[in-house]
2 protein chains.
Amino acid sequence: MKIITSIDELKTIIRKEKQNGKQIGFVPTMGYLHDGHLSLIEKASIENQFVVVSIFVNPTQFGINEDFDVYPRDLERDQKIAETGGANIIFHPTTKEMYPTGYSTYVEVEKITEKLCGASRPGHFRGVTTVVAKLFHIVTPHRAYFGLKDAQQVVVIQKMVRDLNMDVQIVPCPIVREADGLAMSSRNVNLSIQDRKSALILSKSLLRAKEIVVAGERNAEIILTQIKEIIATEPTVTIDYIEILDFERFEKIDVLKGRVLIAIAAKIGKVRLIDNIILEDLLYTTPFKSYQTNCGKYCRQNY
Amino acid sequence: MKIITSIDELKTIIRKEKQNGKQIGFVPTMGYLHDGHLSLIEKASIENQFVVVSIFVNPTQFGINEDFDVYPRDLERDQKIAETGGANIIFHPTTKEMYPTGYSTYVEVEKITEKLCGASRPGHFRGVTTVVAKLFHIVTPHRAYFGLKDAQQVVVIQKMVRDLNMDVQIVPCPIVREADGLAMSSRNVNLSIQDRKSALILSKSLLRAKEIVVAGERNAEIILTQIKEIIATEPTVTIDYIEILDFERFEKIDVLKGRVLIAIAAKIGKVRLIDNIILEDLLYTTPFKSYQTNCGKYCRQNY
(Lines give C-alpha, C1' and ligand atoms only; values in the text may rest on other atoms or scores of the structure.)
Protein backbone atom coordinates (compact mmCIF):
# COMPACT_ATOMS: atom_id res chain seq x y z
CA MET A 1 0.00 0.00 0.00
CA LYS A 2 1.26 3.44 -1.01
CA ILE A 3 0.78 6.82 0.63
CA ILE A 4 0.23 9.52 -2.01
CA THR A 5 0.20 13.23 -1.19
CA SER A 6 0.08 14.73 -4.70
CA ILE A 7 -3.19 15.13 -6.60
CA ASP A 8 -1.49 14.77 -9.99
CA GLU A 9 0.35 11.63 -8.93
CA LEU A 10 -2.87 10.04 -7.68
CA LYS A 11 -4.70 10.96 -10.90
CA THR A 12 -1.97 9.29 -12.95
CA ILE A 13 -2.13 6.10 -10.87
CA ILE A 14 -5.95 5.94 -11.08
CA ARG A 15 -5.89 6.50 -14.86
CA LYS A 16 -3.54 3.54 -15.24
CA GLU A 17 -5.61 1.27 -12.98
CA LYS A 18 -8.76 2.16 -14.94
CA GLN A 19 -7.01 1.44 -18.23
CA ASN A 20 -6.30 -2.01 -16.82
CA GLY A 21 -10.03 -2.43 -16.35
CA LYS A 22 -10.06 -2.08 -12.58
CA GLN A 23 -13.05 -0.65 -10.75
CA ILE A 24 -12.16 1.98 -8.17
CA GLY A 25 -13.62 1.95 -4.65
CA PHE A 26 -13.21 5.06 -2.51
CA VAL A 27 -13.46 5.65 1.24
CA PRO A 28 -13.12 9.35 2.14
CA THR A 29 -12.18 9.85 5.80
CA MET A 30 -10.68 12.38 8.18
CA GLY A 31 -8.38 9.68 9.54
CA TYR A 32 -7.94 8.25 13.04
CA LEU A 33 -9.60 5.19 11.60
CA HIS A 34 -11.78 2.88 13.69
CA ASP A 35 -13.75 -0.28 13.03
CA GLY A 36 -16.47 1.78 11.36
CA HIS A 37 -14.00 2.98 8.72
CA LEU A 38 -12.54 -0.53 8.53
CA SER A 39 -15.97 -1.91 7.63
CA LEU A 40 -16.17 0.60 4.76
CA ILE A 41 -12.69 -0.26 3.49
CA GLU A 42 -13.44 -3.99 3.67
CA LYS A 43 -16.69 -3.55 1.75
CA ALA A 44 -14.90 -1.40 -0.85
CA SER A 45 -12.24 -4.12 -1.22
CA ILE A 46 -14.86 -6.79 -1.83
CA GLU A 47 -16.76 -4.75 -4.42
CA ASN A 48 -13.83 -3.15 -6.31
CA GLN A 49 -10.39 -4.16 -7.58
CA PHE A 50 -8.60 -1.02 -6.43
CA VAL A 51 -9.34 0.89 -3.22
CA VAL A 52 -8.35 4.44 -2.29
CA VAL A 53 -8.75 5.70 1.29
CA SER A 54 -8.36 9.45 1.68
CA ILE A 55 -7.22 10.85 5.01
CA PHE A 56 -7.71 14.58 5.15
CA VAL A 57 -8.91 16.61 8.12
CA ASN A 58 -10.78 19.12 5.98
CA PRO A 59 -10.58 22.58 7.56
CA THR A 60 -13.48 24.05 5.55
CA GLN A 61 -16.05 21.79 7.25
CA PHE A 62 -15.11 22.97 10.75
CA GLY A 63 -16.57 26.15 12.27
CA ILE A 64 -14.20 28.67 13.88
CA ASN A 65 -14.97 27.50 17.41
CA GLU A 66 -15.04 23.80 16.58
CA ASP A 67 -12.50 21.04 17.18
CA PHE A 68 -10.30 21.21 14.07
CA ASP A 69 -7.15 21.67 16.17
CA VAL A 70 -7.87 18.81 18.56
CA TYR A 71 -9.32 16.42 15.96
CA PRO A 72 -7.25 13.24 16.51
CA ARG A 73 -4.57 12.32 13.96
CA ASP A 74 -2.34 9.23 13.71
CA LEU A 75 -1.23 8.37 10.19
CA GLU A 76 0.93 5.40 11.20
CA ARG A 77 -1.96 3.69 12.94
CA ASP A 78 -4.31 4.57 10.05
CA GLN A 79 -1.89 2.98 7.59
CA LYS A 80 -2.10 -0.38 9.36
CA ILE A 81 -5.89 -0.33 9.56
CA ALA A 82 -6.29 0.70 5.90
CA GLU A 83 -3.89 -2.06 4.84
CA THR A 84 -5.78 -4.62 6.94
CA GLY A 85 -8.98 -3.60 5.16
CA GLY A 86 -7.39 -4.11 1.75
CA ALA A 87 -6.72 -0.52 0.65
CA ASN A 88 -4.25 0.01 -2.19
CA ILE A 89 -3.63 3.71 -1.68
CA ILE A 90 -3.88 6.18 1.16
CA PHE A 91 -4.36 9.67 -0.25
CA HIS A 92 -3.07 12.10 2.36
CA PRO A 93 -2.78 15.59 0.86
CA THR A 94 -1.74 18.75 2.68
CA THR A 95 -4.24 21.58 3.13
CA LYS A 96 -2.17 23.61 0.64
CA GLU A 97 -2.48 20.82 -1.95
CA MET A 98 -6.26 20.79 -1.59
CA TYR A 99 -6.79 24.54 -1.14
CA PRO A 100 -3.94 26.42 -2.81
CA THR A 101 -3.64 30.19 -2.33
CA GLY A 102 -6.59 31.98 -3.95
CA TYR A 103 -8.89 28.96 -3.75
CA SER A 104 -12.48 30.20 -4.17
CA THR A 105 -14.88 27.53 -5.51
CA TYR A 106 -17.60 25.91 -3.40
CA VAL A 107 -20.29 23.31 -3.95
CA GLU A 108 -23.44 23.78 -1.95
CA VAL A 109 -26.52 21.63 -1.48
CA GLU A 110 -29.36 23.82 -0.25
CA LYS A 111 -32.46 23.05 1.86
CA ILE A 112 -31.63 19.62 3.36
CA THR A 113 -28.41 21.18 4.70
CA GLU A 114 -30.41 23.67 6.75
CA LYS A 115 -31.57 20.95 9.19
CA LEU A 116 -29.92 18.98 12.02
CA CYS A 117 -26.11 19.34 11.85
CA GLY A 118 -26.51 21.97 9.12
CA ALA A 119 -28.48 24.17 11.51
CA SER A 120 -26.02 23.62 14.39
CA ARG A 121 -22.90 23.97 12.26
CA PRO A 122 -23.34 26.72 9.63
CA GLY A 123 -21.11 26.15 6.60
CA HIS A 124 -20.29 22.58 7.67
CA PHE A 125 -21.99 20.85 4.75
CA ARG A 126 -20.66 23.37 2.24
CA GLY A 127 -17.21 22.29 3.39
CA VAL A 128 -18.19 18.63 3.12
CA THR A 129 -19.74 18.82 -0.36
CA THR A 130 -16.86 20.93 -1.67
CA VAL A 131 -14.15 18.56 -0.47
CA VAL A 132 -16.08 15.46 -1.54
CA ALA A 133 -16.68 16.95 -5.02
CA LYS A 134 -12.94 17.63 -5.27
CA LEU A 135 -12.09 14.12 -4.06
CA PHE A 136 -14.55 12.56 -6.51
CA HIS A 137 -12.90 14.47 -9.37
CA ILE A 138 -9.45 13.38 -8.19
CA VAL A 139 -10.24 9.71 -7.48
CA THR A 140 -13.06 9.26 -10.07
CA PRO A 141 -14.35 6.21 -8.16
CA HIS A 142 -17.00 3.78 -9.38
CA ARG A 143 -18.26 3.48 -5.79
CA ALA A 144 -17.80 5.62 -2.68
CA TYR A 145 -18.50 4.32 0.84
CA PHE A 146 -19.98 6.40 3.64
CA GLY A 147 -20.99 5.42 7.16
CA LEU A 148 -24.57 6.03 8.23
CA LYS A 149 -23.52 7.52 11.57
CA ASP A 150 -23.42 10.74 9.55
CA ALA A 151 -26.83 9.98 8.06
CA GLN A 152 -27.43 13.55 6.95
CA GLN A 153 -24.03 13.62 5.26
CA VAL A 154 -24.98 10.53 3.25
CA VAL A 155 -28.25 12.15 2.16
CA VAL A 156 -26.49 15.42 1.25
CA ILE A 157 -23.77 13.65 -0.78
CA GLN A 158 -26.37 11.53 -2.58
CA LYS A 159 -28.27 14.71 -3.45
CA MET A 160 -25.12 16.42 -4.74
CA VAL A 161 -24.24 13.43 -6.90
CA ARG A 162 -27.74 13.23 -8.35
CA ASP A 163 -28.12 16.98 -8.90
CA LEU A 164 -24.69 17.45 -10.49
CA ASN A 165 -24.97 14.24 -12.58
CA MET A 166 -21.80 12.77 -11.13
CA ASP A 167 -20.94 9.22 -12.15
CA VAL A 168 -20.36 7.56 -8.80
CA GLN A 169 -22.42 5.12 -6.79
CA ILE A 170 -22.82 6.15 -3.17
CA VAL A 171 -22.83 3.12 -0.87
CA PRO A 172 -24.24 3.88 2.61
CA CYS A 173 -22.98 1.47 5.28
CA PRO A 174 -24.45 0.67 8.71
CA ILE A 175 -23.17 2.25 11.94
CA VAL A 176 -20.54 0.17 13.74
CA ARG A 177 -20.82 0.27 17.55
CA GLU A 178 -18.59 -0.57 20.49
CA ALA A 179 -19.64 -3.65 22.48
CA ASP A 180 -21.55 -1.42 24.90
CA GLY A 181 -23.45 0.37 22.14
CA LEU A 182 -21.48 3.62 21.67
CA ALA A 183 -21.36 4.53 17.99
CA MET A 184 -17.77 4.46 16.79
CA SER A 185 -16.31 7.89 16.13
CA SER A 186 -12.80 9.28 15.85
CA ARG A 187 -13.90 11.87 18.37
CA ASN A 188 -14.56 9.24 21.09
CA VAL A 189 -10.85 9.33 21.97
CA ASN A 190 -11.30 12.90 23.20
CA LEU A 191 -13.86 11.79 25.83
CA SER A 192 -12.76 11.59 29.47
CA ILE A 193 -13.35 8.23 31.17
CA GLN A 194 -16.42 9.63 32.93
CA ASP A 195 -17.77 11.25 29.73
CA ARG A 196 -17.19 8.00 27.84
CA LYS A 197 -19.67 6.40 30.30
CA SER A 198 -22.15 9.26 30.05
CA ALA A 199 -22.03 9.15 26.23
CA LEU A 200 -23.63 5.71 26.35
CA ILE A 201 -26.93 7.38 27.09
CA LEU A 202 -27.23 8.38 23.41
CA SER A 203 -27.34 4.85 22.02
CA LYS A 204 -29.37 3.67 25.01
CA SER A 205 -32.05 6.29 24.35
CA LEU A 206 -32.18 5.35 20.68
CA LEU A 207 -32.54 1.66 21.51
CA ARG A 208 -35.36 2.52 23.88
CA ALA A 209 -37.00 4.60 21.13
CA LYS A 210 -36.80 1.62 18.81
CA GLU A 211 -38.45 -0.60 21.43
CA ILE A 212 -41.30 1.87 21.80
CA VAL A 213 -41.82 2.03 18.04
CA VAL A 214 -41.63 -1.75 17.68
CA ALA A 215 -44.25 -1.98 20.41
CA GLY A 216 -46.51 0.13 18.22
CA GLU A 217 -45.98 3.80 19.10
CA ARG A 218 -46.16 6.14 16.07
CA ASN A 219 -46.41 9.56 17.72
CA ALA A 220 -43.13 11.41 17.14
CA GLU A 221 -43.61 13.75 20.08
CA ILE A 222 -44.11 10.92 22.53
CA ILE A 223 -40.98 9.21 21.29
CA LEU A 224 -38.93 12.42 21.42
CA THR A 225 -40.12 13.10 24.97
CA GLN A 226 -39.02 9.64 26.06
CA ILE A 227 -35.58 10.07 24.47
CA LYS A 228 -35.16 13.44 26.18
CA GLU A 229 -36.19 11.99 29.53
CA ILE A 230 -33.64 9.21 29.22
CA ILE A 231 -30.83 11.59 28.20
CA ALA A 232 -31.76 13.94 31.07
CA THR A 233 -30.64 11.21 33.50
CA GLU A 234 -27.07 12.12 32.46
CA PRO A 235 -26.74 15.77 33.52
CA THR A 236 -23.33 16.23 31.81
CA VAL A 237 -24.92 15.54 28.43
CA THR A 238 -26.28 18.64 26.63
CA ILE A 239 -28.64 17.94 23.77
CA ASP A 240 -27.96 19.87 20.56
CA TYR A 241 -30.91 18.35 18.70
CA ILE A 242 -33.13 15.29 18.69
CA GLU A 243 -35.31 14.93 15.62
CA ILE A 244 -37.48 12.40 13.88
CA LEU A 245 -37.53 12.70 10.10
CA ASP A 246 -38.89 10.92 7.10
CA PHE A 247 -35.61 9.60 5.69
CA GLU A 248 -36.56 9.97 2.03
CA ARG A 249 -37.93 13.51 2.14
CA PHE A 250 -35.65 14.47 5.04
CA GLU A 251 -38.49 16.34 6.71
CA LYS A 252 -39.78 16.33 10.26
CA ILE A 253 -42.81 14.14 10.81
CA ASP A 254 -45.48 13.98 13.49
CA VAL A 255 -46.50 10.39 12.80
CA LEU A 256 -43.94 7.67 12.03
CA LYS A 257 -44.44 5.88 8.72
CA GLY A 258 -42.13 4.19 6.20
CA ARG A 259 -38.38 4.77 6.52
CA VAL A 260 -37.70 6.98 9.51
CA LEU A 261 -34.54 8.57 10.92
CA ILE A 262 -34.21 9.36 14.61
CA ALA A 263 -31.12 11.55 14.95
CA ILE A 264 -29.34 12.97 18.00
CA ALA A 265 -26.49 15.42 18.45
CA ALA A 266 -25.22 16.18 21.94
CA LYS A 267 -22.24 17.59 23.74
CA ILE A 268 -20.59 15.39 26.34
CA GLY A 269 -18.07 17.66 28.05
CA LYS A 270 -16.28 19.39 25.19
CA VAL A 271 -16.94 16.63 22.67
CA ARG A 272 -19.88 16.85 20.26
CA LEU A 273 -21.17 13.42 19.24
CA ILE A 274 -23.92 12.32 16.90
CA ASP A 275 -25.86 9.10 16.75
CA ASN A 276 -28.98 7.88 15.00
CA ILE A 277 -31.18 4.96 14.22
CA ILE A 278 -32.98 4.25 10.96
CA LEU A 279 -36.23 2.34 11.31
CA GLU A 280 -36.82 0.65 7.99
CA ASP A 281 -40.20 -0.93 8.40
CA LEU A 282 -42.52 0.23 11.10
CA LEU A 283 -45.44 -1.96 10.17
CA TYR A 284 -44.51 -5.32 11.61
CA THR A 285 -46.48 -4.75 14.79
CA THR A 286 -49.87 -3.17 15.26
CA PRO A 287 -49.14 0.53 15.15
CA PHE A 288 -50.79 3.03 17.41
CA LYS A 289 -50.54 6.75 17.81
CA SER A 290 -50.73 8.42 21.19
CA TYR A 291 -52.79 11.55 21.59
CA GLN A 292 -53.25 13.99 24.40
CA THR A 293 -56.71 14.35 25.91
CA ASN A 294 -58.15 17.66 27.08
CA CYS A 295 -57.17 16.83 30.63
CA GLY A 296 -53.50 16.38 29.56
CA LYS A 297 -53.38 12.56 29.67
CA TYR A 298 -51.97 10.56 26.74
CA CYS A 299 -54.22 7.90 25.26
CA ARG A 300 -53.59 5.32 22.56
CA GLN A 301 -55.52 5.18 19.36
CA ASN A 302 -55.25 2.28 16.94
CA TYR A 303 -55.03 2.93 13.20
CA MET B 1 -25.58 13.79 -36.34
CA LYS B 2 -27.99 12.85 -33.55
CA ILE B 3 -30.08 15.04 -31.26
CA ILE B 4 -30.12 13.63 -27.72
CA THR B 5 -32.41 14.94 -25.01
CA SER B 6 -31.79 12.37 -22.25
CA ILE B 7 -28.83 12.64 -19.88
CA ASP B 8 -28.63 8.86 -19.41
CA GLU B 9 -28.72 8.20 -23.15
CA LEU B 10 -25.93 10.70 -23.76
CA LYS B 11 -23.82 9.20 -20.95
CA THR B 12 -24.19 5.74 -22.50
CA ILE B 13 -23.12 7.02 -25.93
CA ILE B 14 -20.10 8.87 -24.54
CA ARG B 15 -19.01 5.83 -22.51
CA LYS B 16 -19.03 3.73 -25.67
CA GLU B 17 -17.10 6.31 -27.71
CA LYS B 18 -14.48 6.58 -24.97
CA GLN B 19 -14.15 2.79 -24.82
CA ASN B 20 -13.38 2.98 -28.54
CA GLY B 21 -10.51 5.30 -27.66
CA LYS B 22 -12.12 8.48 -28.94
CA GLN B 23 -11.33 11.85 -27.40
CA ILE B 24 -14.39 13.96 -26.66
CA GLY B 25 -14.64 17.64 -27.59
CA PHE B 26 -17.44 19.70 -26.09
CA VAL B 27 -18.98 23.03 -27.07
CA PRO B 28 -21.59 24.21 -24.54
CA THR B 29 -23.96 26.81 -26.04
CA MET B 30 -27.36 28.39 -25.50
CA GLY B 31 -28.14 27.81 -29.18
CA TYR B 32 -29.04 30.20 -31.99
CA LEU B 33 -25.59 29.41 -33.28
CA HIS B 34 -23.51 31.90 -35.23
CA ASP B 35 -20.06 31.89 -36.82
CA GLY B 36 -18.51 32.35 -33.38
CA HIS B 37 -20.01 29.04 -32.23
CA LEU B 38 -19.11 27.49 -35.58
CA SER B 39 -15.46 28.37 -35.05
CA LEU B 40 -15.57 26.55 -31.69
CA ILE B 41 -17.22 23.46 -33.18
CA GLU B 42 -14.73 23.37 -36.03
CA LYS B 43 -11.79 23.63 -33.66
CA ALA B 44 -13.31 20.89 -31.48
CA SER B 45 -13.71 18.68 -34.58
CA ILE B 46 -10.06 19.14 -35.52
CA GLU B 47 -8.75 18.38 -32.04
CA ASN B 48 -11.10 15.51 -31.03
CA GLN B 49 -12.63 12.44 -32.63
CA PHE B 50 -16.11 12.94 -31.19
CA VAL B 51 -17.82 16.32 -30.69
CA VAL B 52 -20.83 17.15 -28.54
CA VAL B 53 -22.57 20.52 -28.85
CA SER B 54 -25.04 21.29 -26.08
CA ILE B 55 -27.92 23.65 -26.76
CA PHE B 56 -29.62 24.66 -23.55
CA VAL B 57 -30.95 28.09 -22.65
CA ASN B 58 -30.07 27.78 -18.98
CA PRO B 59 -32.69 29.56 -16.86
CA THR B 60 -30.54 29.73 -13.71
CA GLN B 61 -28.05 32.12 -15.31
CA PHE B 62 -30.73 34.71 -16.15
CA GLY B 63 -31.94 37.27 -13.62
CA ILE B 64 -35.68 37.75 -13.14
CA ASN B 65 -35.82 40.90 -15.28
CA GLU B 66 -33.46 39.60 -17.95
CA ASP B 67 -34.11 38.26 -21.45
CA PHE B 68 -34.65 34.53 -20.84
CA ASP B 69 -38.08 34.64 -22.53
CA VAL B 70 -36.92 36.49 -25.63
CA TYR B 71 -33.55 34.75 -25.96
CA PRO B 72 -33.58 33.56 -29.59
CA ARG B 73 -34.12 29.85 -30.30
CA ASP B 74 -34.02 27.91 -33.62
CA LEU B 75 -33.05 24.26 -33.27
CA GLU B 76 -33.45 23.40 -36.95
CA ARG B 77 -31.01 26.11 -38.01
CA ASP B 78 -28.63 25.16 -35.16
CA GLN B 79 -28.64 21.57 -36.35
CA LYS B 80 -27.34 22.55 -39.80
CA ILE B 81 -24.63 24.78 -38.37
CA ALA B 82 -23.48 22.16 -35.85
CA GLU B 83 -23.38 19.51 -38.58
CA THR B 84 -21.38 21.83 -40.85
CA GLY B 85 -18.86 22.28 -38.04
CA GLY B 86 -18.48 18.51 -37.65
CA ALA B 87 -20.50 17.87 -34.47
CA ASN B 88 -21.54 14.26 -33.78
CA ILE B 89 -24.20 14.99 -31.19
CA ILE B 90 -26.45 17.88 -30.25
CA PHE B 91 -27.43 17.56 -26.60
CA HIS B 92 -30.70 19.43 -26.18
CA PRO B 93 -32.23 18.63 -22.78
CA THR B 94 -35.40 20.11 -21.34
CA THR B 95 -35.22 22.31 -18.26
CA LYS B 96 -36.93 19.49 -16.33
CA GLU B 97 -34.21 17.04 -17.41
CA MET B 98 -31.49 19.39 -16.14
CA TYR B 99 -33.30 20.68 -13.05
CA PRO B 100 -35.82 18.08 -11.86
CA THR B 101 -38.25 18.97 -9.07
CA GLY B 102 -36.39 19.53 -5.80
CA TYR B 103 -33.11 20.42 -7.51
CA SER B 104 -30.93 22.23 -4.95
CA THR B 105 -27.17 21.98 -5.67
CA TYR B 106 -25.06 24.90 -6.84
CA VAL B 107 -21.43 25.46 -7.74
CA GLU B 108 -20.07 28.89 -7.00
CA VAL B 109 -16.78 30.57 -7.78
CA GLU B 110 -16.28 33.49 -5.44
CA LYS B 111 -14.36 36.77 -5.76
CA ILE B 112 -13.70 36.99 -9.55
CA THR B 113 -17.45 36.61 -10.07
CA GLU B 114 -18.08 39.80 -8.10
CA LYS B 115 -16.69 41.97 -10.92
CA LEU B 116 -17.93 43.07 -14.36
CA CYS B 117 -20.92 40.94 -15.44
CA GLY B 118 -20.99 39.36 -11.98
CA ALA B 119 -21.63 42.76 -10.41
CA SER B 120 -24.28 43.70 -13.01
CA ARG B 121 -25.98 40.32 -13.02
CA PRO B 122 -26.14 38.86 -9.48
CA GLY B 123 -26.36 35.06 -9.55
CA HIS B 124 -25.44 34.90 -13.24
CA PHE B 125 -22.12 33.12 -12.79
CA ARG B 126 -23.53 30.77 -10.16
CA GLY B 127 -25.97 29.67 -12.85
CA VAL B 128 -23.16 29.35 -15.38
CA THR B 129 -20.78 27.36 -13.17
CA THR B 130 -23.57 25.08 -11.97
CA VAL B 131 -24.79 24.20 -15.46
CA VAL B 132 -21.26 23.83 -16.83
CA ALA B 133 -20.29 21.55 -13.91
CA LYS B 134 -23.37 19.41 -14.67
CA LEU B 135 -22.58 19.36 -18.40
CA PHE B 136 -18.94 18.42 -17.72
CA HIS B 137 -20.13 15.51 -15.57
CA ILE B 138 -22.57 14.41 -18.27
CA VAL B 139 -20.28 14.79 -21.30
CA THR B 140 -16.93 14.11 -19.51
CA PRO B 141 -15.05 15.86 -22.32
CA HIS B 142 -11.28 15.88 -22.81
CA ARG B 143 -11.53 19.47 -24.08
CA ALA B 144 -14.23 22.13 -23.81
CA TYR B 145 -14.32 25.19 -26.09
CA PHE B 146 -15.42 28.66 -24.98
CA GLY B 147 -15.48 31.95 -26.90
CA LEU B 148 -13.53 34.86 -25.49
CA LYS B 149 -16.38 37.31 -26.08
CA ASP B 150 -17.42 36.13 -22.60
CA ALA B 151 -13.89 36.62 -21.30
CA GLN B 152 -14.94 36.63 -17.66
CA GLN B 153 -16.88 33.40 -18.19
CA VAL B 154 -13.74 31.74 -19.53
CA VAL B 155 -11.74 32.89 -16.50
CA VAL B 156 -14.48 31.75 -14.09
CA ILE B 157 -14.80 28.31 -15.72
CA GLN B 158 -11.02 27.86 -15.72
CA LYS B 159 -10.99 28.73 -12.02
CA MET B 160 -13.78 26.24 -11.26
CA VAL B 161 -12.01 23.47 -13.15
CA ARG B 162 -8.72 24.14 -11.37
CA ASP B 163 -10.25 24.53 -7.90
CA LEU B 164 -12.48 21.45 -8.17
CA ASN B 165 -9.74 19.33 -9.81
CA MET B 166 -11.89 18.55 -12.84
CA ASP B 167 -10.23 16.65 -15.67
CA VAL B 168 -11.04 18.80 -18.67
CA GLN B 169 -8.91 21.16 -20.73
CA ILE B 170 -10.56 24.54 -21.26
CA VAL B 171 -9.78 25.93 -24.72
CA PRO B 172 -10.47 29.68 -25.00
CA CYS B 173 -11.12 30.80 -28.61
CA PRO B 174 -10.91 34.31 -30.15
CA ILE B 175 -13.95 36.53 -30.68
CA VAL B 176 -15.48 36.23 -34.16
CA ARG B 177 -16.79 39.54 -35.56
CA GLU B 178 -19.14 40.62 -38.33
CA ALA B 179 -17.44 42.30 -41.33
CA ASP B 180 -18.13 45.71 -39.78
CA GLY B 181 -16.61 44.77 -36.41
CA LEU B 182 -19.67 43.87 -34.28
CA ALA B 183 -18.85 40.91 -32.02
CA MET B 184 -21.04 37.96 -32.97
CA SER B 185 -23.75 37.22 -30.40
CA SER B 186 -27.03 35.32 -30.49
CA ARG B 187 -28.57 38.45 -28.97
CA ASN B 188 -27.68 40.60 -32.03
CA VAL B 189 -30.83 39.33 -33.76
CA ASN B 190 -32.90 41.18 -31.15
CA LEU B 191 -31.41 44.55 -32.18
CA SER B 192 -33.50 46.92 -34.29
CA ILE B 193 -31.90 48.08 -37.56
CA GLN B 194 -31.03 51.42 -35.97
CA ASP B 195 -29.67 49.78 -32.77
CA ARG B 196 -27.61 47.38 -34.90
CA LYS B 197 -25.85 50.47 -36.29
CA SER B 198 -25.45 52.09 -32.87
CA ALA B 199 -24.01 48.85 -31.42
CA LEU B 200 -20.99 49.23 -33.71
CA ILE B 201 -19.69 51.92 -31.38
CA LEU B 202 -18.61 49.22 -28.90
CA SER B 203 -16.09 47.53 -31.19
CA LYS B 204 -15.08 50.90 -32.64
CA SER B 205 -14.25 52.25 -29.19
CA LEU B 206 -12.21 49.13 -28.37
CA LEU B 207 -10.27 49.39 -31.62
CA ARG B 208 -9.55 53.02 -30.85
CA ALA B 209 -8.40 51.99 -27.35
CA LYS B 210 -6.03 49.50 -28.92
CA GLU B 211 -4.61 52.18 -31.22
CA ILE B 212 -3.97 54.45 -28.26
CA VAL B 213 -2.22 51.65 -26.36
CA VAL B 214 -0.17 50.62 -29.40
CA ALA B 215 0.85 54.28 -29.74
CA GLY B 216 2.25 54.06 -26.24
CA GLU B 217 -0.47 55.12 -23.76
CA ARG B 218 -0.42 53.10 -20.52
CA ASN B 219 -2.69 55.16 -18.26
CA ALA B 220 -5.93 53.20 -17.75
CA GLU B 221 -7.98 56.26 -16.85
CA ILE B 222 -7.00 58.11 -20.02
CA ILE B 223 -7.94 55.09 -22.12
CA LEU B 224 -11.26 54.61 -20.29
CA THR B 225 -12.11 58.29 -20.76
CA GLN B 226 -11.48 58.03 -24.49
CA ILE B 227 -13.66 54.91 -24.78
CA LYS B 228 -16.46 56.65 -22.87
CA GLU B 229 -16.21 59.73 -25.08
CA ILE B 230 -16.48 57.62 -28.21
CA ILE B 231 -19.48 55.66 -26.89
CA ALA B 232 -21.14 58.92 -25.79
CA THR B 233 -21.44 59.87 -29.48
CA GLU B 234 -24.22 57.22 -29.65
CA PRO B 235 -26.83 58.53 -27.21
CA THR B 236 -28.98 55.36 -27.43
CA VAL B 237 -26.12 53.31 -25.98
CA THR B 238 -26.08 53.10 -22.16
CA ILE B 239 -22.84 51.89 -20.64
CA ASP B 240 -23.16 49.20 -17.97
CA TYR B 241 -19.42 49.00 -17.29
CA ILE B 242 -16.10 49.68 -18.98
CA GLU B 243 -13.10 48.29 -17.18
CA ILE B 244 -9.44 47.60 -17.69
CA LEU B 245 -8.10 44.57 -15.84
CA ASP B 246 -4.98 42.53 -15.55
CA PHE B 247 -6.18 39.38 -17.31
CA GLU B 248 -4.27 36.93 -15.11
CA ARG B 249 -5.20 38.38 -11.72
CA PHE B 250 -8.53 39.69 -12.99
CA GLU B 251 -8.04 42.91 -11.07
CA LYS B 252 -8.42 46.55 -12.08
CA ILE B 253 -5.18 48.26 -12.97
CA ASP B 254 -4.14 51.90 -13.22
CA VAL B 255 -1.17 51.30 -15.51
CA LEU B 256 -1.33 48.81 -18.38
CA LYS B 257 1.27 46.06 -18.31
CA GLY B 258 1.42 42.44 -19.52
CA ARG B 259 -1.82 40.75 -20.59
CA VAL B 260 -4.68 43.21 -20.26
CA LEU B 261 -8.45 42.93 -20.74
CA ILE B 262 -10.53 45.93 -21.74
CA ALA B 263 -14.17 44.89 -21.27
CA ILE B 264 -17.43 46.68 -22.06
CA ALA B 265 -21.06 45.91 -21.31
CA ALA B 266 -23.76 48.22 -22.62
CA LYS B 267 -27.46 48.35 -23.35
CA ILE B 268 -28.50 49.21 -26.87
CA GLY B 269 -32.26 49.64 -26.68
CA LYS B 270 -33.43 46.61 -24.71
CA VAL B 271 -30.47 44.42 -25.69
CA ARG B 272 -27.47 44.06 -23.39
CA LEU B 273 -24.27 43.34 -25.30
CA ILE B 274 -20.72 42.72 -24.18
CA ASP B 275 -17.46 43.09 -26.04
CA ASN B 276 -13.80 43.16 -25.13
CA ILE B 277 -10.27 43.22 -26.37
CA ILE B 278 -7.29 41.39 -24.91
CA LEU B 279 -3.97 43.12 -25.40
CA GLU B 280 -1.30 40.47 -25.20
CA ASP B 281 1.92 42.40 -25.44
CA LEU B 282 1.97 46.06 -24.69
CA LEU B 283 5.70 46.59 -24.98
CA TYR B 284 6.27 46.74 -28.73
CA THR B 285 6.22 50.53 -28.81
CA THR B 286 7.70 52.99 -26.39
CA PRO B 287 5.17 53.09 -23.59
CA PHE B 288 4.19 56.26 -21.85
CA LYS B 289 1.83 57.09 -19.06
CA SER B 290 -0.26 60.24 -19.04
CA TYR B 291 -0.62 62.24 -15.87
CA GLN B 292 -2.73 65.21 -14.93
CA THR B 293 -0.97 68.45 -14.00
CA ASN B 294 -2.16 70.74 -11.24
CA CYS B 295 -3.89 72.95 -13.80
CA GLY B 296 -5.89 69.95 -15.08
CA LYS B 297 -3.98 69.33 -18.32
CA TYR B 298 -2.77 65.83 -19.23
CA CYS B 299 0.92 65.45 -19.95
CA ARG B 300 2.95 62.45 -21.15
CA GLN B 301 5.71 60.91 -19.17
CA ASN B 302 8.08 58.31 -20.63
CA TYR B 303 9.01 55.25 -18.57
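Remember, predicted model here, so these are calculated numbers, not experimental data. Letters A, B, ... mirror the listed sequences (proteins, then strands); counts begin at 1.
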- Message: Under 4.5 Å from any heavy atom of chain A, what part of Arg249(B) do you find: side chain, backbone, both or neither?
- Response: neither
- Query: Are the side chain of Asp163(A) and the backbone of Ser104(B) linked by a donor-acceptor contact shorter than 3.5 Å?
  - Reply: yes
- Under 4.5 Å to a heavy atom of chain A? For Leu164(B) that would be both
- Message: Rounded to the nearest 0.5 Å, what separates atom OH in Tyr103(B) from atom CZ in Arg162(A)?
- Response: 11.5 Å
- Take atom NZ of Lys18(A) as the centre, draw a 6.0 Å sphere, and report whether it contains more than 12 heavy atoms from other residues, nucleotides or ligands. yes
- Gap separating the CE atom of Met160(A) from the OH atom of Tyr106(B), nearest 0.5 angstrom: 15.5 Å
- Message: Is it true that, when you exclude Lys43(A) itself, more than 12 heavy atoms of the residues, nucleotides or ligands shown sit nearer than 6.0 Å to its NZ?
- Response: no
- Can you measure from OG1 (Thr105(A)) to NZ (Lys111(B)) and round to the nearest 0.5 angstrom? 10.0 Å
- Smallest heavy-atom separation, Asn165(B) atom then Lys11(A) atom, equals O-NZ, 2.8 Å
